[in-house]
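What follows is a set of notes on a single structure, which appears directly below.
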Amino acid sequence: MSQNVSLKGKVAVVTGSTSGIGKAIAAAFAEAGADVMLNGLGTADDEINKAALKDVGAHGTRVSFAPVNLMKPEGARDLISRTKEEFGSVAILVNNAGMQHVAPIAEFPDERWDQIIALNLSASFHTIKAAIPHMRAGGFGRVINICSAHSLRASPNKVAYVAAKHGLAGMTKVVALETAEEPITVNAISPGYVWTPLVEQQIPDFAKSQGITEDEAKAQILDKQPSREFARSEQIGALALFLASDAAVQITGSNYTVDGGWTAQ
Ligand code: NAD
């Protein structure tokens, strides 16, 4: 990550950062000198969480792990207060944790709707609300919401995900306007398909729902992405690092796509 961005002395909290995109963002921040609060499900003894602590911690900055469940508002608030208690400030917040469920609306389970709205949308409201006062106190703030091409486009069978991501894109703009005269920026990143565990998990369901093989499902998914390539988590990390930098101070209320041209269509 040779962007010459220094986040030395800055404290970042990245939700859902024990795997996939969140872990790559956390690693990019730590490499640039930030102290990082990791978050995900499970306990600090789980292999996936131990690996995240080791990999993100390899850059020599302070790295900790808060295993709070963001589906609960108190979990989201707790994540921010723990970060402040442990590291002394909260300068950068990345709302990345997310989940997906694929089904037509008539068969879409109510509890899946509630969970996806809670995690992919409401959790960001609670973390941002709790973090903004710390950013104001520290005189610096960066909020980066990981949305999706589905914050700008719809696909069938993803009613909760598309609704939540459109909502998160709207929340990004509102908070950007509310903080526009302060040293705080609020932006969204909207990836297309990125090769991560979330995508890997969707492929069997999608193949089953279409009656096709998993290889055919992968090709069909990439059909939406004109580059015909999955994006990589590190590429999202590089953009998040830039948005967290001093150079990005006049960028606020934006929604950056990293989707191989999907939403240009
Ligand atoms: P992932 O499944 O690899 O990782 C999800 C992370 O969220 C893990 O750390 C997990 O522990 C954590 N998590 C899950 N439920 C949680 C909960 N209730 N409380 C706290 N943490 C929880 O995900 P990913 O593919 O890296 O996706 C990350 C984000 O990027 C999501 O918001 C997703 O919607 C978005 N996104 C992903 C893609 C893609 O192709 N992978 C594309 C567009 C947008």
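For the numbers below, each heavy atom of this structure counts, side chains included, while hydrogens, waters and symmetry mates do not. All ligand and atom numbering here is 1-based and tracks the order in the structure.
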Handout entry: Exercise: do N39 and T15 side chains pair donor with acceptor under 3.5 Å
Key = no
Practice task
Could you tell me whether some N/O pair between K165 and ligand 1 is separated by less than 3.5 angstrom?
Solution key: yes
Practice task
Would you check the N or O atoms of P191, main chain and side chain alike, for any that come under 3.5 Å of an N or O of ligand 1?
Solution key: no
Problem - ligand 1 atoms in contact with V68 (distance to a heavy atom under 4.0 Å) - result: 19 (N), 20 (C)
Handout entry: Flag, side chain of Q235 to backbone of R232, donor-acceptor distance under 3.5 Å
Key = yes
Fill in the blank from the handout: A student checking ligand 1 against G98 at a 4.0 Å heavy-atom cut-off should list atoms 31 (C), 32 (O)
Practice task
Give the numbers and elements of all ligand 1 atoms closer than 4.0 Å to a heavy atom of Y161.
Solution key: 33 (C), 34 (O), 35 (C), 36 (N), 43 (C), 44 (C)
Completion exercise
In ligand 1, the atoms that come under 4.0 Å of a heavy atom of Y193 are 40 (O)
Problem - From T257, L41, I189 - option closest to atom 16 (C) of ligand 1 by heavy atom - result: L41
Practice task
Determine, using heavy atoms of S233 and all atoms of ligand 1, whether some pair is separated by less than 4.0 Å.
Solution key: no
Practice task
In sequence, state the C-alpha distance, the side-chain angles, and the governing distance for R82 and E85, and then conclude on salt bridge (charged side-chain N to carboxylate O under 4.0 Å, His left out).
Solution key: CA-CA 5 Å; R82 278 201 212 188; E85 270 161 38; over 6 Å; no
Completion exercise
Out of I146, T18, V199, N39, the nearest non-hydrogen contact to atom 8 (C) of ligand 1 is supplied by T18
Exercise for the section: Write out the residue and atom name of the closest protein heavy atom to atom 7 (O) of ligand 1, then the distance separating them to 0.1 Å. Expected result: G16 CA, 3.3 Å
Completion exercise
In ligand 1, the atoms that come under 4.0 Å of a heavy atom of G20 are 3 (O), 26 (O)
Handout entry: Side-chain donor-acceptor pair present, T257, S190, cut-off under 3.5 Å
Key = no
Fill in the blank from the handout: Within the 4.0 Å heavy-atom cut-off, what T196 brings close to ligand 1 is side chain
Exercise for the section: Note the single closest protein heavy atom to atom 18 (N) of ligand 1, along with its residue, its atom name and the distance in Å. Expected result: N69 OD1, 2.8 Å
Problem - Pick from I21, V94, V194: the one approaching atom 37 (C) of ligand 1 most closely through a non-hydrogen atom - result: I21
Problem - Over 12 non-hydrogen atoms of neighbours within 6.0 angstrom of CD1 in I105 - result: no
Exercise for the section: Count the heavy atoms of every other residue, nucleotide or ligand shown that sit under 6.0 Å from NZ of K173, and state whether that count exceeds 12. Expected result: no
Exercise for the section: Decide whether an N or O pair under 3.5 Å exists between W195 and ligand 1. Expected result: no
Exercise for the section: Give a yes or no on whether the ring-centroid distance for Y161 and H101 is below 6.0 angstrom. Expected result: no
